[in-house]
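One structure is given here, and the rest of the page talks about it.
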Amino acid sequence: MRLPRKYSMTSFAEFSRVRQHGQSRAGRTIVLATLSDPELENLKLGIIVTRKVAKRAVVRNRLRRRVHAIVRKHFPADDLRYLVVVMRWGAVEASFAQLEADVLKQARRLKLQLGA
C-alpha cells in the first residue's frame, strides 16, 4: 500500500511525544523511534537530519529522500503509529543498501510490522 500524502510529522509536539513516550533503538546510521497511537489515520513519519550530520542542504535532502523511499517500500501505510528517524554521522557515507539494512534491523528490534 502506498503512503498517503499527509503522512509527515510537522509539529514539535509530535516529535517530542514520540521521543519521550515511545521506544527507540540506535543503529550505526540512524536512531529509530516509534509510538503506537490508535487515533491516527495512518503511519506518520518524521525525519531529523541536523547540520551536524551534513552541512549542505543537498546532502540532508538526499538522506531524507532515501528514508522516505525505504519507509514507502517496507512499512505498511495503514500502521497506526508515529515513526521518527534521526540520522547519525555514519548516514552520509552509507550507501542506500546500508541505510536500508540499518532501518530494517532497528525496525525488527522494535518488533514493528514490515510490509515487504
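- The shortest heavy-atom contact between Val53 and Val92 is O-CG2, 3.3 Å.
- Linking ILVMFWY residues whenever their side-chain heavy atoms come closer than 4.5 Å, directly or via other members, places Leu114 and Leu45 in the same cluster.
- In terms of the salt bridge (Lys or Arg N to Asp or Glu O under 4.0 Å) criterion, residue partners of Asp79 (sequence neighbours excluded) are, by chain and number, Arg81.
- Annotation: Arg25, atom CZ; neighbour count of heavy atoms from other residues, nucleotides and ligands within 6.0 Å is above 12.
- Residues Glu14 and Val18 have side chains not in contact (no heavy-atom distance under 4.5 Å, counting atoms from C-beta outward).
- Cluster membership for Leu112 and Ile70, using ILVMFWY side-chain heavy atoms within less than 4.5 angstrom, is shared.
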Should Phe15 and Val86 be marked as a side chain to side chain contact (heavy atoms under 4.5 Å, CB included) after you check the CA-CA gap, both sets of side-chain angles, and the distance that decides it?
-> CA-CA 11 Å; Phe15 280 97; Val86 182; over 6 Å; no
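- There is no path of hydrophobic side-chain contacts, each under 4.5 Å, that joins Val67 to Ile48.
- Put simply, CD1 on Ile47 and CZ on Arg66 are 12.5 Å apart, with the number rounded to the nearest 0.5 Å.
- Here the CD atom belonging to Gln23 is positioned 10.0 Å from the OG atom belonging to Ser36, to the nearest 0.5 angstrom.
- Residues Val31 and Ser24 approach most closely at CG1-CB, 4.4 Å, considering heavy atoms.
- Note that CG of Leu83 is 5.0 Å distant from CG of Leu32, once rounded to the nearest 0.5 Å.
- The hydrophobic clustering, which links ILVMFWY residues whose side-chain heavy atoms are closer than 4.5 Å, places Val85 and Phe96 together.
- Distance CG/Leu99 to CE/Met87: 4.5 Å, rounded to 0.5 Å.
- For the side-chain contact (heavy atoms from CB on, under 4.5 Å) with Ile30, the lone residue among Lys105, Gln106, Arg88 that qualifies is Gln106.
- Follow the hydrophobic side-chain contacts under 4.5 Å out from Leu35 and you never reach Leu110; the two are in separate clusters.
- Annotation for His68 and Ser8: closest pair CE1-OG, 4.3 Å, computed over non-hydrogen atoms.
- For the 3.5 Å distance criterion, the side chains of Asp102 and Gln98 fail to qualify, holding no donor opposite an acceptor.
- The existence of a salt bridge linking Asp37 and Arg17 is confirmed by a sub-4.0 Å separation between a basic side-chain nitrogen and an acidic carboxylate oxygen.
- Residue pairs satisfying the side chain to side chain donor-acceptor pair (under 3.5 Å) criterion with at least one member in residues 51-63, sequence neighbours excluded, are listed as follows: Asn61-Arg64.
- Here Leu80 contributes atom CG and Glu41 contributes atom CD; the two are 9.5 Å apart, rounded to the nearest 0.5 Å.
- Separation of atoms OH (Tyr82) and CG (Leu43) is listed at 11.0 Å; rounding is to 0.5 Å.
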